[in-house]
Each structure stands twice: as C-alpha cells, then as structure tokens.
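Below: one structure, written as structure tokens.
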There are 2 protein chains.
Amino acid sequence: MPKRVDHDERRTQIAEALIQVAGRQGLHAVGMRDVAAEAGVSLRLVQYYFETKEKLLFHGLQHLTDRFTARVDARLAAAGRDPGPRATIEALLLASLPTDAESRIFHLLYSSYSILSVTDEALAAQPFIDKPDAAENALTRLIQQAQETGQADAGADARTEAISLLAMTATMGTSILVGQRTPESAIAALQYHLDRIFNSSRTAPTAR
Amino acid sequence: MPKRVDHDERRTQIAEALIQVAGRQGLHAVGMRDVAAEAGVSLRLVQYYFETKEKLLFHGLQHLTDRFTARVDARLAAAGRDPGPRATIEALLLASLPTDAESRIFHLLYSSYSILSVTDEALAAQPFIDKPDAAENALTRLIQQAQETGQADAGADARTEAISLLAMTATMGTSILVGQRTPESAIAALQYHLDRIFNSSRTAPTAR
DNA sequence: CTTTTCGTAATACGAACGTACCATAATGAT
DNA sequence: ATCATTATGGTACGTTCGTATTACGAAAAG
C-alpha cells in the first residue's frame with residue numbers, strides 16, 4: 001500500500017474545506033468539486049473519505065460545532081479562572097456573535113443547517129439540537145448562582161432569562177450577518193439586559 | 001389573440017405555487033418545473049411570466065412579505081380598535097410566531113431568504129431589510145406611548161426593549177420551526193417580558 | 001518475492017436544472 | 001378579411017451535479 005494516512009486528519013481537512021467554501025458561496029451552492037478544489041485534492045478523494053455528499057454535510061456540521069465549542073472554551077479560558085457569573089455569561093454570548101471571519105462563517109452555516117433541517121428529515125434527525133439545550137442549562141445555572149449570592153435580581157426567572165438572552169443573541173447574530181445591525185448595537189442591547197438582571201453592587205439584594 | 005389575461009393575477013398564482021412548494025421542500029430545492037406543476041401550468045408559462053428564476057424568487061419574496069403584512073393587519077383588526085399598547089404588541093409578536101401552516105411557511109421562507117441574502121448579493125440588494133426596521137419603530141412607539149400614560153415602566157429603554165422583543169420572537173419562531181420549543185413555551189417567555197415592561201395597574205408610575 | 005490491500009487519479013454516466021427555440025390557436029386591430 | 005400580436009404548449013440544448021467505474025502505483029503482509 002502507499003503510506004498509511006490518517007483518515008481522521010484527512011476528513012478534518014476536507015470538512016474544513018467544506019466550511020470555507022460554504023462560508024463563501026452559501027451552503028446550498030457547495031458541490032463536491034468545490035470542496036475538492038478548496039482542499040487541494042481530487043474529486044475522487046472526497047468521495048473516498050466521505051462516500052456520499054450527505055455524509056460529508058453531516059460531518060461538516062459536526063466539525064463546525066466542535067470548532068465552535070473549542071472557540072467558546074477558549075474565550076472562557078481567556079476570561080481568567082472564576083471570572084464570576086456575569087463575566088462568564090458575557091463571554092458566552094459575545095463569543096456567539098459574528099464579529100470576525102470565523103464566527104461569521106459559523107453563524108451563517110449553523111443557521112443554514114438549522115433552516116435546512118426543517119425540510120430535510122435526515123438532517124433533523126442529526127443530534128445538533130441538544131447543543132442549544134446545553135447552553136440554556138449552563139446559562140440558567142449561572143444566573144441561579146448569581147441569585148444565590150445576591151449578585152442577580154432574585155425576582156428574575158433564571159431559565160426564562162437564560163432562554164431570552166440566548167434567543168436575543170441568536171437574532172442579533174443574524175442581524176449583524178445581513179448587515180442590518182452593527183456588533184456594537186447588538187452588544188449594547190445584551191448589556192442592557194445583563195444590567196437589568198445583575199446587580200451592580202455585590203451585597204444588596206434587589207428590592208421588589 | 002387569445003383572451004387577454006391579467007398578468008398580475010397569473011404572477012400571483014405562480015408566486016403562490018412557489019411559496020407552497022418551497023414550504024414543502026425547502027427554498028433551495030424548488031425548481032421551475034415544481035412551481036409549474038404546483039400551479040397547474042406548463043413550464044413554459046412560468047418562464048413566460050417570470051423570464052428567469054431569479055426574478056421568480058424575487059417576486060416570491062415580495063409576495064411573501066405582502067401576505068404577511070396583510071396577516072398582521074388582520075390580527076390587529078381582530079384585536080378590536082384601540083386595544084391598548086400591550087395588546088397591540090402581543091398581537092404583533094404572536095402573529096409572527098409559526099403556529100399554523102401559513103405562518104410556518106412564512107417563517108421558514110423568510111429565514112431562508114435572509115440566510116440566502118448573506119451570500120447572494122443580488123438578493124441582498126432587494127429591499128426586504130427595511131421591513132424589520134418598520135416593525136422596530138412601531139414597537140418602540142407603542143412602548144413609549146405606554147410609558148407616557150404610565151402603563152409601562154418609565155425606566156425601560158423603549159427602543160432596546162422593542163429590539164429585544166422582536167429578536168426574541170424571531171429566534172423563538174425558528175426554535176418552534178425546528179421542533180426544539182413549543183409555541184406555548186415561546187409565548188410564555190414573551191409574556192414574561194411584557195409583564196416586566198408593562199405595569200398591571202394603569203395608574204402607578206414605576207418606582208426606581 | 002509475491003500477493004493483497006490502500007490511497008489516489010481520471011473519467012464516464014445518468015439525471016436534473018435553467019433556459020432557449022419553435023409551434024400554434026385565438027383574438028384584437030386595421 | 002387579413003394581419004399582427006398574445007397566451008400557451010412542447011421540446012431540445014448545454015451545463016452541472018452526485019455517483020459509479022476503472023485503473024494503477026506503492027507498500028504492508030505472507
């Protein structure tokens with residue numbers, strides 16, 4: 001045989017190519033030949049490592065979410081250890097906004113996959129829907145922790161606020177993507193709600 | 001000549017067919033032959049009234065927003081005349097949620113067009129981006145009115161709240177669409193924020 | 001050293017798509 | 001009555017797409 005090659009590595013390389021070209025042309029417009037050209041390999045190779053286009057798309061989605069998770073983790077690590085609930089939430093939300101090339105592509109493609117999954121049942125069966133659930137749970141717990149330590153308004157419904165923050169962030173992301181809103185205004189709106197939920201002082205519980 | 005036919009009527013009929021089939025298969029998967037079959041006309045006829053597919057898609061988007069505007073207006077009319085700011089806002093937001101077949105299709109296709117416009121500059125040049133702006137302005141004014149009459153928290157930032165409500169509603173819609181959330185839970189979250197913004201009593205201004 | 005298997009390449013195939021072309025019946029205008 | 005125009009149908013063309021087929025060199029296995 002020729003030099004045994006690392007399949008996972010090659011698959012990652014090709015999935016990366018898929019993401020790049022999809023970010024440029026749109027997920028709907030990407031063909032196997034485009035992916036092959038972007039990855040610098042032959043069309044046959046793409047077929048070899050992903051037998052069908054559907055499998056390629058699935059793996060691309062998987063790779064996308066993995067990369068995004070790593071990105072968020074990196075942001076959290078950069079915030080220092082134990083930065084407090086509010087700073088953690090800020091890092092989480094701001095990492096999701098499409099403010100640079102990488103996050104723009106992520107947001108665009110994740111949205112594309114979501115919309116696609118409405119009419120494509122094979123994609124809908126793919127388990128990329130529980131990712132939002134995990135984020136929602138994490139945010140809820142952070143808010144609850146802040147409430148217990150008096151850092152957040154005790155009268156707020158933690159889960160509903162978590163859902164709302166994530167929902168707002170998602171739409172803000174799309175608005176930024178289509179050029180309807182600036183990242184600054186989106187961040188301002190999010191800060192507005194964080195100011196509302198969190199107390200500025202760390203001692204006084206909220207009067208109600 | 002044959003019986004002179006109303007071009008606008010035919011174009012509307014075909015655009016309607018486009019929306020139906022796109023709602024079923026996804027916007028990316030709709031072909032001119034599908035539209036022709038759905039409208040019960042020949043492929044040539046679709047070409048005749050919309051010379052190119054691009055023009056057909058543009059007109060479909062136009063028709064979609066028109067229908068949605070009419071739908072919202074109908075909801076507002078059904079709420080009775082002068083129902084107060086909160087009821088008006090509720091009608092606006094709830095009309096946007098994909099709770100029945102028609103609104104599901106609308107939400108799916110509007111999202112599809114939005115995502116498409118990120119990578120398709122011809123679509124991006126289409127003026128369907130100022131529609132959200134109009135909604136944002138309308139909501140802002142309604143909240144301001146409520147603040148002036150003491151029906152809403154005077155300390156709230158009307159525009160930011162309007163932006164937030166619309167943003168939340170948009171994501172909630174998508175979540176419902178992909179089956180991640182029920183309409184009831186989405187409505188509950190929206191009500192939570194309306195309860196926060198609006199006072200239950202109509203006289204007492206908010207203490208702050 | 002032979003044989004089998006793996007990575008890679010080139011290319012062919014059938015289907016589907018958007019568009020273009022040709023045809024024709026019906027009707028308004030002259 | 002004739003002619004030009006309009007609405008409609010059928011179909012062919014060129015391209016692109018995903019997939020299948022065939023081939024071949026290189027190295028691990030025996």
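Values below: every heavy atom of this structure, side chains too, minus hydrogens, waters and symmetry copies. Within every chain, numbering begins at 1; the chains are lettered A, B, ... in the order of the sequence lines, protein sequences first and strands thereafter.
- In this structure, B/V41 and A/D34 both approach DNA chain D, and ranking their closest nucleotides by distance from the 5' end singles out B/V41.
- One can place CZ of A/R44 at 10 Å from C1' of D/dT22, the figure rounded to the nearest angstrom.
- Between B/R33 and B/H7, it is B/H7 whose nearest contact on DNA chain D lies nearer the 5' terminus.
- We find that CG of B/D6 is positioned 11 Å from P of D/dT8, with the value rounded to whole Å.
- Across all strands shown, B/V30 has heavy atoms under 4.0 Å from sugar-phosphate atoms exclusively, and none from any base.
- At a cut-off of 3.5 angstrom, counting only N and O atoms as typed in the model, there is no donor on one side facing an acceptor on the other between the side-chain of A/R10 and the base of C/dT8.
- Formation of a donor-acceptor pair under 3.5 Å by the B/Q151 side chain with backbone atoms of B/F198 is not found in this model.
- Listed candidates were D/dA7, C/dG7, D/dC17. Nearest to the side chain of A/R4 is C/dG7.
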TODO: Assess whether salt bridge (Lys or Arg N to Asp or Glu O under 4.0 Å) is satisfied between A/E136 and B/R181, documenting all intermediate values.
DONE: CA-CA 12 Å; A/E136 177 183 317; B/R181 196 172 296 286; 3.1 Å; yes
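- When heavy atoms are screened at a 4.0 angstrom cut-off, B/Y49 is found touching the sugar-phosphate backbone but no base atom.
- Side-chain atoms of A/Y192 come within 3.5 Å of backbone N or O of B/D157 as a donor-acceptor pair.
- The distance between atom CG of A/L56 and atom P of D/dC17, rounded to the nearest whole Å, is 14 Å.
- When the P atom of D/dA7 is taken as reference, atom CG of B/D8 falls 12 Å away, rounded to whole Å.
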